[in-house]
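Below, all heavy atoms of this structure are taken into account, side chains as well, without hydrogens, waters or symmetry copies. Quick note on labels: first sequence line is chain A, next is B, and so on, each numbered from 1. Treat the numbers as computed from the prediction; the structure is a model and nothing was measured.
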2 protein chains.
Amino acid sequence: MDPFFQMAIEEARQGLAEQGIPIGSVLVVDGEVRGRGHNRRVQKGSAILHAEMDCLESAGRLTPAEYQRSVLYSTLSPCDMCSGTALLYKIPKVIVGENRTFQGPETYLRQRGVELVILDDAECRELMEQFIREHPALWNEDIGEPI
Amino acid sequence: MDPFFQMAIEEARQGLAEQGIPIGSVLVVDGEVRGRGHNRRVQKGSAILHAEMDCLESAGRLTPAEYQRSVLYSTLSPCDMCSGTALLYKIPKVIVGENRTFQGPETYLRQRGVELVILDDAECRELMEQFIREHPALWNEDIGEPI
């Protein structure tokens with residue numbers, strides 16, 4: 001398996017171990033990990049730290065050129081916020097664990113020129129299915145859905 | 001002048017006083033200020049704390065219903081990231097100081113049902129024009145443009 005994707009799953013599991021929402025993300029530039037993170041809504045009382053945002057924040061301030069040579073991994077299809085962030089920084093490629101438990105604006109991302117790869121990974125899916133079953137209100141809060 | 005918009009401008013000026021990028025934001029729910037913030041790229045070495053993100057983060061975890069009754073103010077047209085965040089949380093109305101020095105995906109926001117009000121405020125515009133003139137590389141970094 002792609003070791004960067006494996007790292008994103010490790011981040012998701014780390015989030016779960018912290019009683020958080022099990023979504024992980026990794027940012028790779030020129031074949032090197034520059035950022036990694038996981039959803040921290042619960043852990044930090046955060047409205048913006050989805051996994052991808054936590055990952056990008058952990059990378060610090062990169063140059064526009066670095067983002068434009070990067071690949072963003074996420075265990076789950078990026079929501080409107082995280083997709084918008086990929087667009088802001090012109091991240092050309094996003095590799096997604098699964099999009100069955102939640103699907104962000106994938107068509108729009110592709111229209112804007114982002115290459116999206118959907119792995120349909122069973123481990124990512126099972127992590128989310130169990131979490132959503134056990135914490136439906138928290139999950140709806142995370143995606144802005146009325147409870 | 002709308003006191004919430006005035007508060008957003010105060011946030012932008014606070015950012016400038018901290019040597020940061022002069023963009024401010026306020027979140028109002030049911031006529032009450034719940035969050036306020038300004039761009040903190042410089043201050044926190046942050047890749048994600050645009051003014052609107054800093055503002056939403058300062059509000060903490062709100063319910064989906066609260067966001068759906070909110071108004072987001074920003075002194076500048078929201079970028080792809082911040083527009084995506086408004087979409088995630090189904091914020092129905094965004095009031096924008098100006099969109100001449102930078103314009104985010106306004107057409108897309110409107111297509112997705114967000115009411116956008118553009119004030120074309122001279123003070124906001126002058127703040128950004130001067131900042132961009134003095135710090136072009138920093139500004140390009142903030143909007144992901146190649147330097």
Side-chain angles (χ1 to χ4, degrees), chain A residues 21 27 34-35 37 40-50 52-70 78-92 102 104-105 107-109 111-112 114 137-147, chain B residues 21 27 34-35 37 40-50 52-70 78-92 102 104-105 107-109 111-112 114 137-147:
Chain A
I21 303 174
L27 182 72
R34 295 292 295 272
R40 296 194 204 250
R41 174 172 298 273
V42 171
Q43 298 91 319
K44 291 202 165 180
S46 174
I48 65 172
L49 287 177
H50 277 190
E52 300 90 327
M53 307 299 284
D54 187 54
C55 168
L56 289 163
E57 187 68 333
S58 84
R61 290 171 55 184
L62 304 185
T63 66
E66 286 173 315
Y67 290 116
Q68 289 166 32
R69 298 195 309 269
S70 73
C79 77
D80 280 305
M81 171 173 68
C82 299
S83 296
T85 308
L87 290 171
L88 167 65
Y89 286 123
K90 302 178 174 61
I91 294 173
F102 174 83
T107 303
Y108 178 64
L109 270 184
Q111 280 170 352
R112 294 276 307 267
V114 178
L138 175 55
W139 174 237
N140 280 335
E141 180 193 317
D142 202 53
I143 55 173
E145 288 293 334
I147 298 170
Chain B
I21 303 174
L27 181 73
R34 295 293 294 274
R40 296 194 204 251
R41 173 172 298 273
V42 172
Q43 297 92 319
K44 290 200 167 181
S46 173
I48 65 171
L49 288 177
H50 277 190
E52 300 89 328
M53 307 299 285
D54 187 54
C55 168
L56 289 164
E57 188 67 334
S58 84
R61 289 170 54 184
L62 304 185
T63 65
E66 286 173 315
Y67 289 116
Q68 290 166 32
R69 298 194 309 271
S70 73
C79 77
D80 280 305
M81 171 173 68
C82 300
S83 296
T85 307
L87 291 172
L88 167 65
Y89 286 124
K90 302 178 175 62
I91 294 173
F102 175 82
T107 302
Y108 178 64
L109 270 184
Q111 282 169 351
R112 294 277 306 267
V114 178
L138 176 53
W139 175 239
N140 281 334
E141 180 192 316
D142 202 52
I143 55 173
E145 287 294 335
I147 299 170

In terms of heavy-atom contacts, Gly144(B) and Lys90(A) come closest through O-NZ, 3.5 Å
Minimum heavy-atom distance Asp80(B)-Gly84(A), with the two atoms named | CB-O, 3.2 Å
Okay, Ser83(A) and chain B: the region with an atom under 4.5 Å from a heavy atom over there is neither
At what distance, to the nearest 0.5 angstrom, does OH of Tyr67(A) lie from CD of Glu141(B)?
-> 7.0 Å
Select one option (side chain, backbone, both, neither) describing which atoms of Arg41(A) are under 4.5 Å from chain B's heavy atoms.
-> both
Would you check, one step at a time, whether the test side-chain contact (heavy atoms from CB on, under 4.5 Å) holds for Leu87(B) with Met81(A)?
-> CA-CA 7 Å; Leu87(B) 291 172; Met81(A) 171 173 68; over 6 Å; no
Sub-3.5 Å donor-acceptor pair from the side chain of Tyr108(B) to the main-chain atoms of Tyr108(A), do we have one?
-> no
Between the CD1 atom in Ile48(B) and the OG1 atom in Thr85(A), the distance rounded to the nearest 0.5 Å is 7.5 Å
Going from OG on Ser46(B) to CZ on Arg61(A), what distance comes out if it is rounded to the nearest 0.5 angstrom?
-> 9.5 Å
Any donor and acceptor pair, going by atom type alone, linking the side chain of Tyr89(A) with main-chain N or O of Ala47(B) inside 3.5 Å?
-> yes
